[in-house]
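A short write-up of the structure that comes next.
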Amino acid sequence: QVQLVESGGGSVQAGGSLRLSCTSSEYITDMAWLRQALGKEREAVARIYTRAGIINYADSAKGRFTIARDNAKNTLTLQMNSLEPEDTAMYYCAASETAYAWPITEGDLRYWGRGTQVTVSS
């Protein structure tokens, strides 16, 4: 069973930055970050499909967030800059052996971390 463990969440003021990390117990081809704000549905933020060299971002993340992975270390990161209060959410690392079309949804991803909270104050 693949295990994903997130770290790096926290509280920051608007305009600040955070870097989230996710360590996987083994290599999985398609990895993503999703988030869920209070009272809202979970949404995909960014995804990296290494095998095809594909990176996708939600419109809200474009230009501010950068997803990357280190395959040698089985690590996925999400660099988040220019954070806004609207970015406040629980952020989840997720992965799948099968790549799906963007935007991916919860059902497309088989493995999940427990999440890390990001809080952005105005």
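The structure displayed is predicted, hence computed values, not measured ones.
- Scored by the side-chain contact (heavy atoms from CB on, under 4.5 Å) test, Val118 finds Leu18, Leu20, Met80, Tyr91, Val120 as partners (sequence neighbours excluded).
- Side-chain atoms of Arg42 never come within 3.5 Å of backbone atoms of Thr105 as a donor-acceptor pair (strictly under, hydrogens ignored).
- Shown here for Ala37 and Thr88, the closest heavy-atom pair between the two residues is CB-O, 3.6 Å.
- The shortest heavy-atom contact between Ser17 and Asn81 is OG-OD1, 2.9 Å.
- Proximity of Cys93 to Trp112: side-chain heavy atoms (C-beta onward) are nowhere separated by under 4.5 Å.
- Hydrophobic clustering places Met90 together with Ile104 (ILVMFWY residues linked when any side-chain heavy atoms are closer than 4.5 Å, directly or through intermediates).
- Note that the CE atom of Met31 and the CG atom of Leu78 stand 12.0 Å from one another [nearest 0.5 Å].
- Ile48 places a side-chain heavy atom less than 4.5 Å from the side chain of Leu76.
- Rounding to the nearest 0.5 angstrom, the gap separating the CD atom in Gln36 from the CG atom in Leu34 is 9.5 Å.
- The minimum heavy-atom distance between Ala89 and Gln117, with the atom names listed, is O-NE2, 3.3 Å.
- Closest non-hydrogen pair, Cys22 versus Leu4, comes out as SG-CB, 3.9 Å.
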Per-pair distances, 0.1 Å, donor-acceptor, side chain in residues 63-70, under 3.5 Å, sequence neighbours excluded:
residue: Arg64; atom: NE; partner: Ser60; partner atom: O; Å: 3.2
residue: Arg64; atom: NH1; partner: Ser82; partner atom: O; Å: 2.9
residue: Arg64; atom: NH1; partner: Asp87; partner atom: OD2; Å: 2.7
residue: Arg64; atom: NH2; partner: Ser60; partner atom: O; Å: 2.7
residue: Arg64; atom: NH2; partner: Asp87; partner atom: OD1; Å: 2.9
residue: Arg64; atom: NH2; partner: Asp87; partner atom: OD2; Å: 3.4
residue: Arg69; atom: NE; partner: Thr50; partner atom: OG1; Å: 3.3
residue: Arg69; atom: NE; partner: Asn71; partner atom: OD1; Å: 2.7
residue: Arg69; atom: NH1; partner: Ile28; partner atom: O; Å: 3.1
residue: Arg69; atom: NH1; partner: Thr29; partner atom: O; Å: 3.0
residue: Arg69; atom: NH1; partner: Thr50; partner atom: OG1; Å: 3.2
residue: Arg69; atom: NH2; partner: Ile28; partner atom: O; Å: 2.7
residue: Asp70; atom: OD1; partner: Ala72; partner atom: N; Å: 3.0
residue: Asp70; atom: OD1; partner: Lys73; partner atom: N; Å: 3.3

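- For Tyr49, there are no side-chain hydrogen bond (donor to acceptor under 3.5 Å, both in side chains) partners, not counting sequence neighbours.
- Summarising the geometry, atom CG belonging to Asp30 is positioned 13.5 Å from atom CZ belonging to Arg110; distances are rounded to the nearest 0.5 Å.
- Ala58 approaches Ala44 most closely through the heavy-atom pair CB-O, 3.4 Å.
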Dump the intermediate steps for side chain to side chain contact (heavy atoms under 4.5 Å, CB included) on Gln3 and Tyr111, then the final yes or no. CA-CA 7 Å; Gln3 294 184 334; Tyr111 307 107; over 6 Å; no

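- With Tyr92 as reference, Glu6 is the one residue of Arg35, Glu106, Glu6 to meet the side-chain contact (heavy atoms from CB on, under 4.5 Å) rule.
- For the residue pair Tyr57 and Ile55, the shortest heavy atom distance occurs at CE1-CG2, 3.4 Å.
- Taken to the nearest 0.5 Å, the CD atom of Glu86 stands 9.0 Å off from the OG atom of Ser122.
- Around the CD atom of Glu26, the shell of radius 6.0 Å holds more than 12 heavy atoms that belong to other residues, nucleotides or ligands.
- The cluster map of Ile, Leu, Val, Met, Phe, Trp and Tyr, joined by side-chain heavy atoms under 4.5 Å apart, puts Val45 and Leu109 in different clusters.
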